[in-house]
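Working notes, structure below.
We use all heavy atoms of the structure for the numbers below, so side chains are in, but hydrogens, waters and symmetry mates are not.
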Amino acid sequence: MRIKILLSILTLSLVLASCSERRTVIGVSQCSDDPWRQKVNREIKIGQYQNKNVDVRFCSADNDAKRQVQQIDSLVESDVDLLIVAPSDAHTVTPAVERAYKKGIPVILYDRKIDSDCYTAYVGADNVEIGRVVARFIAAKLEGKGKVLEIAGLKGSTPVEERHQGFMDEMKRHPGIATSTVNGDWNVAGARKIMSRCLANDPNIQCVFGHNDAEALGAWEAAKAVGMERGIMFVGIDGLPGERQGIDLVKKGCFAASYIYPTHGELLVPLAMHILNKEPFSRVNHLPSSLVTAENAAIVEMQNNEIMSQANSLDAIYANIDSYMKMYRSQKIISWLAAFIVLLLIVLAAYNYYVYQTKAKVGRRLRQIADEKVRFFTKASHQLRTPLTLVAGPLRQLISQGGFDDKQQQTLDIIQRNVDELEHLTASVLNFQTRVDSATDNTDQHQLPTVSDETVSQLVLQDSRRDIVTKNDPDDDLDTILIVDDNADIRSYLRSLLSASYYVIEASDGRNGLRLARESVPGLIVSDVMMPIMNGLEFCSKIKADDVTCHIPVILLTARSAESQRIEGYEHGADGYITKPFSADLLLTRIESMLANRRKIKLAQLDVKGEASDATDTNSADNLFISRFREAAMQHLGDTDLKMDNLGSELHLSRVQLYRKIKALTGKSPTDIIREMRLNRGHHLLCHTDRPISEIAYEVGFAVPSYFTTCFKKQYGINPTELRRG
């Protein structure tokens, strides 16, 4: 027990230590995993390093809006503290963001917006202004005349709509420039196909505006494939560093310009912490930026390279710091646990010393009590000898006279054996001190030969099972009483008292009594408390804990008469407690009273239609069993060949057990209850459907429709045809 307490305390300490520094979890749902998004994620990691106890979980939808919805819901279920979302499709992703927001999870929209106001903050560039800036640049380069092809991103994305809006608003000021717009998929391959198709239809395109650098690059590759790349101006958005990215393509002369679409992912985690810490923050945060042209491409590339180098160094530094912090937290937990274990060992040592002292004190007191008991029983035994002599002498004289019938002789023999036992017990008490002092004398010349408790139990069990077999009709209304007592004379005496009114079976210990109770399901049990193998208290507890036997009343018949012992009996589930020596009339009255009360409960549980009600005064376990029986029966309601053996096996009972359990709880047989259920179902179908009566009879389990009609009229006082006409 002390080991279990120690383990429980250690586990609790470990949990408390691990929870002492709670970590904030931020979920990031990106719409894709392109280079621009990868740069954002690296910057978010930098923001994570700058804040203590923050974990970031990344996921990418690869431009699949439905997949992003699933990812957002998954992040919400994993109990993130805050969400950062770059929606792939505003219309599709909006419900998922709203669900998270309404659950109390703050949401930061990054780069893109949704079709709702259910978000906490927005961080991103002003895409309308980006469209205007690009339009002004193109108009200036074309000197107000020419043809421009706009390759937009995926439909449903707010940056696509806003960039197109700004671009077209500015182009309206230049009527000499003709514009056409097609939607791409943000990828090089998709834009390459679009450009090839457009050049085939109109080779006079003078400028291509791609909504990102990948689309502008795809258009350039398509033009190069037909040798037209030098006659067309290409402009993209993103302005990322690296080979074949926006800045590199401007520097090489492939692009006329690329608008730097700012990432600034390092700002997201600080903003998230302001929100979570209830600190002031701006709900809308626009990121400033500018165009990269041939004039400034080299400078911008150099600055980006320097920033990337510093970011990589920071990644390495923060990775080391993170490793050191994990080691520190682990060592801190170990230190706390070590200190706690030392303290706990000190407490256990003090406790053991206290227990040792207490046991010594209790031992001395127990020895004192034992001595007092010996003196008491010795004195009582002396006082019992006189009345025992006055009983034993006349009894022997009476027996020697003879002339009694078999029943009278059996009663006198029982009395004689128990008087002899009392004489033997009083002699044993008087000689107790002598037997203790003379330890070598381990034999008692008055001790009678005995057989083992196991042997007696098996013999009694076999006899009772034979009795059960002889009573193989479960419809017999004679109540069965199970007697459980290790004293054969007590069992014989109780059988003589009860056999005139009840069917009696016996067991000589609690274990075999439990077996007989499950096999026979008696109406009532009379049990001794002090028995070998399994005592009466444990037996009573197991009876009340078993679904098959929990409804059976139990009377404890015992020599334990103290109030605390009575309380203990009732705590173990006893329904009655009678002390020995007992009055036969009292026992018979209590048995009849308990059985009568069971019959009243059955009647009270029946409503005017004869169906079991949901009365709250019945045992909850009994109600649960009846419900399980009805559910099992309902599943087989239409089975005309339903056997009680099959239904019983579903409930893990034999046919006899099922019958007696149901009969004890409801006053009806299982067959009667199932028939009522079938008739009730048939009544419902007759009232609420126009199906033929014969079809309804078959559905509710009647193989013969005429028998259904007969039973229906008996149950409701009207036949099915009259019910429908009425």
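With hydrogens and angles left out, the side-chain atoms of Gln68 and Ser88 include no donor and acceptor closer than 3.5 Å. For the residue pair Asp672 / Ser669, a side-chain donor-acceptor distance below 3.5 Å is found, with atom types taken as modelled.
Of the possible donor and acceptor atoms, none in the side chain of Arg23 sits under 3.5 Å from a partner among the backbone N and O of Asp55. Judged by distance alone, the side chain of Gln657 and the main-chain N or O of Ser520 form no donor-acceptor pair under 3.5 Å. Under a 3.5 Å cut-off, the side chain of Asp81 and the backbone N or O of Thr24 do not form any donor-acceptor pair. Counting only distance, with no hydrogens or angles, the side chain of Thr92 and the backbone of Asp89 share no donor-acceptor pair below 3.5 Å. Using a distance-only test at 3.5 Å, with no hydrogens or angles considered, a donor-acceptor pair links the side chain of Thr94 to the main chain of Asp115. Side chain of Ser74 to main chain of Gln70: no donor-acceptor pair is present (N/O by atom type, distance under 3.5 Å, no hydrogens or angles). In this structure, the side chain of Lys643 engages the main chain of Asp641 through a donor-acceptor pair within 3.5 Å.
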For residues 538-556, tabulate all N or O donor-acceptor pairs below 3.5 Å that involve a side-chain atom, not counting sequence neighbours.
residue: Ser541; atom: OG; partner: Leu537; partner atom: O; Å: 3.1
residue: Lys544; atom: NZ; partner: Ile552; partner atom: O; Å: 2.8
residue: Lys544; atom: NZ; partner: Asp575; partner atom: OD2; Å: 2.9
residue: Asp546; atom: OD1; partner: Arg518; partner atom: NH1; Å: 2.8
residue: Asp546; atom: OD1; partner: Val548; partner atom: N; Å: 2.8
residue: Asp546; atom: OD2; partner: Arg518; partner atom: NH1; Å: 2.6
residue: Asp547; atom: OD2; partner: Arg628; partner atom: NH1; Å: 3.3
residue: Thr549; atom: OG1; partner: Ile543; partner atom: O; Å: 2.8
residue: His551; atom: ND1; partner: Lys661; partner atom: NZ; Å: 3.0

Give the table of side-chain donor-acceptor pairs shorter than 3.5 Å for residues 586-594, with sequence neighbours excluded, one pair per line with atom names and distance.
residue: Thr589; atom: OG1; partner: Asp585; partner atom: O; Å: 2.7
residue: Glu592; atom: OE1; partner: Tyr502; partner atom: OH; Å: 3.0
residue: Glu592; atom: OE2; partner: Arg599; partner atom: NH2; Å: 3.0

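Annotation: the span from Glu421 atom CD to Asp489 atom CG amounts to 9.5 Å, rounded to 0.5 Å. Rounding to the nearest 0.5 Å gives a distance of 10.0 Å between NZ of Lys713 and OG1 of Thr709. The CG atom of Leu651 sits 10.0 Å away from the CD atom of Glu631 when rounded to the nearest 0.5 Å. Interatomic distance, CD1 of Ile105 versus CZ of Arg99, reported as 11.5 Å (0.5 Å rounding).
Heavy atoms only, all atoms of each residue included: Ser78 and Arg57 are closest at OG-NH1, 3.1 Å. Shortest non-hydrogen contact noted between Phe702 and Tyr698 is O-CD2, 3.4 Å. Counting all heavy atoms, side chain and backbone alike, Ser492 lies closest to Gln410 at OG-NE2, 3.2 Å. Nearest heavy-atom pair across Pro106 and Leu276 is CG-CD2, 4.1 Å.
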Check the pair Phe708, Ile693 against side-chain contact (heavy atoms from CB on, under 4.5 Å), reporting the backbone distance first and the verdict last. CA-CA 9 Å; Phe708 169 73; Ile693 294 174; 4.1 Å; yes
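Ion pair Arg491/Asp485 not flagged as a salt bridge, since none of the NZ, NE, NH1 or NH2 atoms sits closer than 4.0 Å to an Asp/Glu carboxylate oxygen.
Taking the ring pair (Phe, Tyr, Trp, His ring centres under 6.0 Å) definition, one finds that His683 meets it with Phe712, Tyr716, sequence neighbours left out.
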